[in-house]
Amino acid sequence: MEIEKVAKLIIKNFPRDHKEKDPFKVLITTVLSQRSKDENTEIAAENLFNKYKTPFELSKAKEKDIYELIKPAGLYRQKAKRIIEISKIIVEKYSGIVPDSLEELLKLPGVGRKTANIVLYVSFSKPALAVDTHVHRISNRLGWVNTKTPEETEFKLMEILPKNLWGPINGSMVEFGKKVCKPVSPNCKICPISKYCKWEGKR
DNA sequence: AAAACGGGGGC
DNA sequence: GCCCCAGTTTT
């Protein structure tokens, strides 16, 4: 199947390694990463975990206590509120253990399909597709799907991609999307999978 | 379906 | 000055 071959090429050429596996840290970092660039997310996460290391500690913090720490990631008032609420729920309802099911993760404030699936893959090594704007755009450009919404793309991709590629393709598509297959003026000249691409706008 | 949330960096 | 960024929730 050609799709599988191309997916593996993307994964090989645009690796994204997740050093941190701790479910709580991955969960909080991923919430911080929403609509934020990686560099700023990392600064915010480092600031935060430097002071609050566990859900137990963070659940006792006040929102205003962490504004300055997470400000680099943006949307900081919302995120502060949600992060502390998440910590309280993890402590009170789950005894400090982050749940490992999509259904339970989606109940947490500020956790949608993308965030939940990233946690499932990165921390729990489960097959999970996090379809963000990059994955959505690139899947359509390649001609793998013909969809309007990311959720539609998610279900289509689950049909055409083998499960063992669900996790790895997420991060690799993001890197691919940032470096080469950009939203505007993509760099098709240096694209390693250009010959498999059906996008009409390609140059 | 659209608005709101937001600092930081690229242009 | 304007626009975007591993989105989600509220209106």
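Residue numbering restarts at 1 for every chain, and letters A, B, ... go by the order of the sequence lines. Scope of the values below: all heavy atoms of this structure, side chains included, with no hydrogens, waters or symmetry mates.
- R16(A) comes within 4.0 angstrom of a base, heavy atoms only.
- With both ends at atom C1', the span from dC5(C) to dA1(B) equals 22 Å, rounded to whole Å.
- If L106(A) and S36(A) are placed on DNA chain C by their nearest nucleotide, the residue sitting closer to the 5' end is S36(A).
- Remark: P of dG6(B) and CD1 of I70(A) are 9 Å apart, rounded to the nearest angstrom.
- Taking only side-chain nitrogens and oxygens, R77(A) comes nearer than 4.0 Å to OP1 or OP2 of dG6(B).
- Atom P of nucleotide dC5(B) and atom OH of Y67(A) are separated by 13 Å, given to the nearest angstrom.
- In this structure, the CD1 atom of I83(A) is 18 Å from the P atom of dC5(B), given to the nearest Å.
- What separates CD of Q78(A) from C1' of dT9(C) is a distance of 7 Å, to the nearest Å.
- Side-chain proximity of Q34(A) to the nucleotides dG7(C), dG7(B), dT9(C) is greatest for dG7(C).
- For dG7(B), the OP1/OP2 oxygens have a side-chain nitrogen or oxygen of Y76(A) closer than 4.0 Å.
- Distance Y121(A) OH to dA6(C) P: 18 Å, rounded to the nearest Å.
- Among the protein residues, V111(A) comes within range of the sugar-phosphate backbone only, with heavy atoms under 4.0 Å from sugar or phosphate atoms but none that close to a base.
- Atom CD1 of I97(A) has 12 or fewer neighbouring heavy atoms from other residues, nucleotides or ligands inside a 6.0 Å radius.
- Of all nucleotides listed (dA6(C), dG7(B), dG6(B)), dG7(B) comes nearest to the side chain of N40(A).
- dG9(B) atom C1' lies 13 Å from atom CG of D38(A), rounded to whole Å.
- Taking each heavy atom of N170(A) and A130(A) in turn, the nearest pair found is OD1-N, 3.0 Å.
- As a whole-Å value, the separation of K179(A) NZ from dA6(C) P is 11 Å.
- Contact annotation: K37(A) side-chain N/O to dC4(C) OP1/OP2 distance is not under 4.0 Å.
- At a cut-off of 3.5 angstrom, counting only N and O atoms as typed in the model, there is a donor on one side and an acceptor on the other between the side-chain of H18(A) and the base of dA6(C).
- Under 3.5 Å, the side chain of R35(A) and the base of dA6(C) form no donor-acceptor pair of N or O atoms.
- Considering all non-hydrogen atoms of both residues, P109(A) and I86(A) come closest at O-CD1, 3.2 Å.
- Atom-to-atom distance recorded for D65(A):CG and L58(A):CG is 10.0 Å, nearest 0.5 angstrom.
- Taking for each of T30(A) and L108(A) the nucleotide of DNA chain C with the nearest heavy atom, the 5'-most of the two is the partner of T30(A).
- Here the closest heavy-atom approach between residue G110(A) and residue Q34(A) is recorded as O-NE2, 2.9 Å.
- For the pair K178(A) and dA6(C), the criterion of a side-chain N or O lying under 4.0 Å from OP1 or OP2 is met.
- Classified by interplanar angle (parallel below 30°, tilted 30° to 60°, perpendicular above 60°), the ring pair Y76(A)/Y67(A) is perpendicular.
- Taking the C1' atom of each, dA6(C) and dA2(B) are spaced 23 Å apart, rounded to whole Å.
- Taking atom NZ of residue K148(A) and atom P of nucleotide dA1(B), one finds them 11 Å apart after rounding to whole Å.
- Rounded to the nearest Å, the gap between the P atom of dT8(C) and that of dG8(B) is 23 Å.
- Using C1' as the reference atom, dC5(B) and dC4(C) are 15 Å apart when rounded to the nearest Å.
- For S33(A), the side-chain atoms get nearest to dA6(C) when compared with the rest of dA6(C), dG7(C), dC5(C).
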